[in-house]
Amino acid sequence: MCGRYSFIPSEKLFLKYKTVQTNYVFLPRYNVCPGENMPVVFKKGNDNYFAEMKWGLIPFWAKDKKIGDNMINARAETIEEKPSFKQPLKTKRCIIPASGFYEWKREGKENVPHYFSPANDAYFSFAGVYDIWKDKHEQDIYSYAIITTQANEIVDKIHDRMPVILNEAGEEQWLQNSNYHSVLGLLKPYDSKKMQVYQVSKEVNSSKMDLAEFILPQE
DNA sequence: CCAGACGTTGTT
DNA sequence: GTCTGG
DNA sequence: CCAGACGTTGTT
DNA sequence: GTCTGG
């Protein structure tokens, strides 16, 4: 899945993604929810840029932008076949930087949130696709979906799906405007030794709250 | 041919 | 049960 | 992803 | 826009 994540900005972002620096204002976020506007890295020409995009991919041909509410994730296993994702896969690949992500473990009637974060790095690079939709004023609306894959050994204890996370070598390959067949191999579960997990407060379940304590281990 | 969908997740 | 809002 | 709503009328 | 189902 991947329906919530965190994003704690730092100067490292510009170095890591070799982006052209802009006036983009980054705010620390501990509970990013579907539908929100968040920074995403994409390539334009030979340069990488940050752009603010809405989480939930609205296909360029959509008549109603609400279709994007259902497009927060794209399954790696079927992304090539899906009308909403096949064209973005070819020409509109992007990276969503994240400090960590949440997955819920179903325990009877309870949903128990767990937080996954990098063991060493500052950020995860989620593999994503985006699209550009025009609203009634011909304004470009950018939106994105996070690609998911089967869980690795550490995530599998909590949940059976996880976001595709790119390693350093994969990041630039994914953004490059190359034949998409050559990057499909990147859509694999991440090395579980490069991440950690712990249970966190159920307060994160409420999308209305966004507190730094959400990413701390629950005692 | 036209009409209608276009998605993932989890749960049953 | 299913949709909407965050 | 989870939480919360899910409806209409008339009156203030 | 493009595919599927009827």
Side-chain angles (χ1 to χ4, degrees), chain A residues 1-7 27-38 40 52-92 94 96 98-117 124 126-135 138 140-141 143-152 155-165 180 187 189 197-211 213-215 218:
Chain A
M1 75 181 73
C2 195
R4 302 282 183 91
Y5 65 95
S6 67
F7 174 75
L27 297 172
R29 295 296 313 278
Y30 306 95
N31 195 11
V32 179
C33 299
E36 297 200 58
N37 290 311
M38 291 299 293
V40 168
E52 190 177 59
M53 302 192 191
K54 183 179 165 70
W55 187 8
L57 185 148
I58 308 165
F60 70 97
W61 43 258
K63 293 204 179 64
D64 184 353
K65 72 184 294 198
K66 283 201 205 119
I67 194 174
D69 296 347
N70 298 325
M71 310 278 183
I72 66 172
N73 294 139
R75 286 179 71 93
E77 297 89 333
T78 54
I79 190 169
E80 282 182 273
E81 309 155 6
K82 300 294 182 183
S84 301
F85 300 134
K86 60 193 304 179
Q87 294 182 62
L89 175 67
K90 289 175 187 167
T91 59
K92 291 186 175 62
C94 62
I96 299 93
S99 301
F101 63 94
Y102 300 94
E103 299 288 356
W104 279 260
K105 185 176 179 127
R106 190 84 200 178
E107 292 180 349
K109 285 177 185 163
E110 272 204 308
N111 269 330
V112 183
H114 292 70
Y115 184 66
F116 293 86
S117 52
F124 283 138
F126 296 160
V129 285
Y130 69 96
D131 209 342
I132 306 168
W133 180 78
K134 284 196 188 299
D135 70 11
E138 293 289 300
D140 286 342
I141 309 290
S143 58
Y144 66 97
I146 295 171
I147 301 173
T148 62
T149 186
Q150 122 192 49
N152 63 18
V155 177
D156 190 54
K157 304 273 194 297
I158 309 302
H159 197 75
D160 63 344
R161 304 289 298 173
M162 70 181 289
V164 170
I165 299 170
Y180 78 95
L187 305 181
V197 60
Y198 45 76
Q199 191 176 326
V200 294
S201 167
K202 280 192 78 174
E203 287 191 272
V204 77
N205 291 16
S206 169
S207 57
K208 290 179 183 166
M209 295 201 285
D210 190 316
L211 303 173
E213 68 199 55
F214 289 174
I215 65 166
Q218 196 187 43

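All chains are named by letter (A, B, ...) in the order of the sequence lines, taking the proteins before the strands, and each is independently numbered beginning at 1. The figures that follow rest on heavy atoms only: side chains count, while hydrogens, waters and symmetry mates do not.
Of the possible donor and acceptor atoms, one in the side chain of A:Lys105 sits under 3.5 Å from a partner among the backbone N and O of A:Lys157. The backbone N or O of A:Cys33 sits less than 3.5 Å from a side-chain atom of A:Glu36, completing a donor-acceptor pair.
Comparing D:dG4 with B:dT8, their P atoms sit 28 Å apart, to the nearest whole Å. For the P atoms, the distance from D:dA3 to B:dT11 is 12 Å, rounded to whole Å. When the P atom is used for both B:dA5 and C:dC3, the distance is 13 Å, rounded to whole Å. Rounded to whole Å, the separation between the C1' atoms of C:dT2 and B:dT9 comes to 14 Å. Rounded to a whole angstrom, the distance from the C1' atom of B:dG7 to that of D:dC1 is 14 Å.
Between A:Asn31 and A:Met209 the shortest heavy-atom distance is ND2-O, 2.8 Å. In terms of heavy atoms, A:Ile58 sits closest to A:Ile141 at CD1-CG2, 4.3 Å. What you find for A:Ile67 and A:Ala62 is that their closest heavy atoms are CG2-CB, 3.6 Å.
To the nearest angstrom, C1' of C:dT4 lies 14 Å from NZ of A:Lys65. Rounded to whole Å, atom C1' of B:dT8 lies 13 Å from atom CG of A:Leu57. In this structure, the CD1 atom of A:Ile158 is 17 Å from the P atom of B:dT9, given to the nearest Å. Residue A:Asn205 contributes atom CG, which lies 16 Å from atom C1' of C:dG5 at whole-angstrom precision. Between the CD atom of A:Glu110 and the P atom of D:dC2 there is a distance of 13 Å, given to the nearest Å. The interatomic distance linking A:Ile67 (CD1) with C:dC3 (P) rounds to 14 Å, in whole Å.
Phosphate contact (OP1/OP2 of B:dT8, side-chain N/O of A:Arg75, threshold under 4.0 Å): absent. In terms of phosphate contacts, A:Thr148 brings no side-chain nitrogen or oxygen within less than 4.0 Å of OP1 or OP2 of B:dT8. A sub-4.0 Å separation between OP1 or OP2 of B:dT8 and a side-chain N or O of A:Thr78 is present. OP1 or OP2 of D:dC2 has not a single side-chain nitrogen or oxygen of A:Ser207 nearer than 4.0 Å. OP1 or OP2 of B:dT11 sits under 4.0 Å from a side-chain N or O of A:Arg106. A close approach under 4.0 Å does not occur between any side-chain nitrogen or oxygen of A:Asn70 and OP1 or OP2 of B:dT8.
Look at E:dT4: its Watson-Crick or wobble partner, with both distances under 3.5 angstrom, is B:dA3. D:dT8: no Watson-Crick or G-U partner with both key distances under 3.5 Å is found in any strand.
B:dC6 has its base stacked against the ring of A:Trp61, the centroids being under 5.5 angstrom apart at an interplanar angle below 30°.
Each of D:dA3, B:dT9, B:dG7 was ranked by its minimum atom distance to the side chain of A:Asn73; first place goes to B:dT9. Here the side chain of A:Phe60 is nearest to one of B:dG7, C:dG6, E:dG1, namely E:dG1. Among the nucleotides B:dC6, E:dT2, C:dG6, the one closest to the side chain of A:Gln87 is E:dT2. Among the nucleotides D:dC2, B:dT9, C:dG6, the one closest to any side-chain atom of A:Cys33 is C:dG6. If you check B:dC6, B:dT8, C:dG6 against the side chain of A:Phe85, the one that comes closest is B:dT8.
Screening A:Tyr5, A:Tyr102, A:Phe101 for a ring-ring contact (aromatic ring centres under 6.0 Å, His included) with A:Tyr115, the sole residue that qualifies is A:Tyr102.
Within a 6.0 Å radius of NZ in A:Lys134, other residues, nucleotides and ligands contribute more than 12 heavy atoms.
The residue A:Pro59 sits apart from the nucleic acid: no heavy atom pair falls under 4.0 Å. At the heavy-atom level, A:Lys86 lies under 4.0 Å from the strands shown only through sugar-phosphate atoms. Residue A:Ile72 is classed as a base contact, given a heavy-atom separation below 4.0 Å to a base. If you check every strand for non-hydrogen atoms under 4.0 Å, A:Ala62 touches nothing.
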